[in-house]
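Below: one structure, written as structure tokens.
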Amino acid sequence: MAWRLLKIGLSKNYPEPRMFTPPARLAPTYDAVIIGAGGHGLATAYYLARDHGLRNIAVIEKGYIGSGNTGRNTTIIRSNYLTPEGVRFYDRSIQLWRDLGDDLDINLFYSTRGHYTLAHTDATLRTMRWRAEVNKHLGVDSELVDAAAVARALPMMDMSCAGHAPILGALYHAPGAVARHDAVAWGYGRAADQRGVEIHQQTEVLGIETTGGEVSGVRTSRGHIATRCVISAVAGYTPRILDMVGLQSPIYIHPLQAMVSEPLKRWLDPIIVSGSLHVYVSQTARGELVMGASLDPRELHNTRSAIEFATSLSTHMLELFPFLAGVKVNRQWAGLADMTPDFAPVMGLTPVKGFYLDAGWGTWGFKATPVAGKTMAATVASGRNDPLITSFDWWRFERFELTGEKGAASVGH
Ligand code: PYC
């Protein structure tokens with residue numbers, strides 16, 4: 001990496017190559033079509049090509065790569081979930097994250113920070129104790145710490161939260177990390193392209209054709225594709241894609257807003273989450289505070305930013321960190337979170353043969369990017385749901401076997 005930087009930085013003979021070359025036209029046939037060039041879609045393409053030797057793949061994106069939730073989150077990575085299935089899945093993701101920069105030969109600015117989920121009530125402390133025990137049992141580094149330990153680790157925090165919600169303790173998760181989200185999409189995109197995958201941006205899927213209950217083709221704004229395999233990885237647009245194959249799911253869409261402050265001298269190393277105050281915050285390498293809160297309360301298919309969000313989040317931030325009064329907010333954005341009734345994703349095979357789903361990521365899709373790509377690729381290649389995703393399968397709702405993960409959400413929804 002360092003040698004490449006020197007070559008490109010100091011010599012005119014080594015212009016930085018383009019990340020990938022957009023193909024001029026769609027081919028009439030692909031072995032697999034992936035809808036959505038976000039992290040999940042591109043990771044699936046990459047692992048299909050790298051691990052399973054499938055090369056004739058088109059990734060279809062109606063915007064540009066990473067323009068959906070991949071570029072619209074707060075980049076928090078953790079595996080301190082509540083259910084054993086969730087813990088195992090996200091722990092595998094963290095293992096993949098740790099080597100991902102080298103694997104994709106790109107600097108992801110992956111930064112392990114530690115992650116505190118603050119408890120302001122006895123009920124929250126109980127849930128955290130439970131999570132810590134499940135985590136430890138599965139080898140994941142999480143522990144319940146008391147108020148004194150939180151105060152020592154975060155001396156700049158008002159432990160009384162302006163007297164409204166005193167902090168009683170926290171779930172501390174040492175592997176908690178952040179990464180640079182656009183680099184994830186670009187890294188997977190370039191690595192997939194190098195293995196022959198075609199990435200078609202500015203191309204909209206208009207319809208999915210089925211014949212006798214099996215996928216047979218895709219209609220796009222740039223022409224028709226014959227294929228027997230379609231993978232949907234589109235987050236907030238999942239219900240529209242499901243309509244195209246005549247499927248209905250309990251997925252509903254809520255905006256999730258976030259904002260970033262002006263850069264400040266580094267003062268916050270760990271990631272801080274408070275469910276009661278509806279706040280999560282980390283500080284980037286550039287010094288900005290990246291902040292988010294809970295979902296917007298109403299279902300809405302729109303990524304507008306609202307002043308009410310900025311005001312309410314700022315109020316709660318000041319309860320935790322009163323010295324931030326006067327700090328400016330530089331930017332706001334929103335993603336579209338596809339929520340499920342049990343807060344677990346919906347992955348893998350569906351009732352339509354050849355149609356695979358990577359959806360229902362709610363408020364935590366970014367951290368799942370590597371493991372979602374790996375397990376979706378393994379599922380498509382084998383025709384069977386990967387063992388790590390069997391608890392996230394399509395049919396769990398009709399079996400009434402939900403994977404209740406709501407207690408692991410960063411903020412109350
Ligand atoms: O699950 O860690 C999380 C998260 C942070 C922000 C939204 N979700």
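Note that the coordinates shown come from a computational prediction; the quantities given were computed from them, not determined experimentally. Every number for a ligand or one of its atoms is a count from 1 in the order of the listing. Atom set for the values below is all heavy atoms of this structure, side chains included, hydrogens, waters and symmetry mates excluded.
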Chi angles and distances behind the ring pair (Phe, Tyr, Trp, His ring centres under 6.0 Å) call for W394, F355: CA-CA 12 Å; W394 171 275; F355 179 75; 8.2 Å; no
Min side-chain heavy-atom separation L118-I272 under 4.5 Å: yes
Taking atom 4 (C) of ligand 1 as the reference point, the nearest protein heavy atom with its distance: S410 OG, 3.3 Å
For W364, the ligand 1 atoms whose distance to one of its heavy atoms is below 4.0 Å: 1 (O)
For T74, atoms of ligand 1 separated by under 4.0 Å from a heavy atom: 6 (C)
Short side-chain donor-acceptor distance under 3.5 Å, R78 and N80: yes
Closest approach of any protein heavy atom to atom 7 (C) of ligand 1, naming residue and atom: T363 O, 3.2 Å
Protein contact to atom 2 (O) of ligand 1 [nearest heavy atom, distance to 0.1 Å]: R78 NE, 2.7 Å
Whether F392 and F89 hold their rings parallel, tilted or perpendicular, with breakpoints at 30° and 60°: perpendicular
Contact with ligand 1 for K367, non-hydrogen, under 4.0 angstrom: yes
Between W97 and F366, ring centroids under 6.0 Å: yes
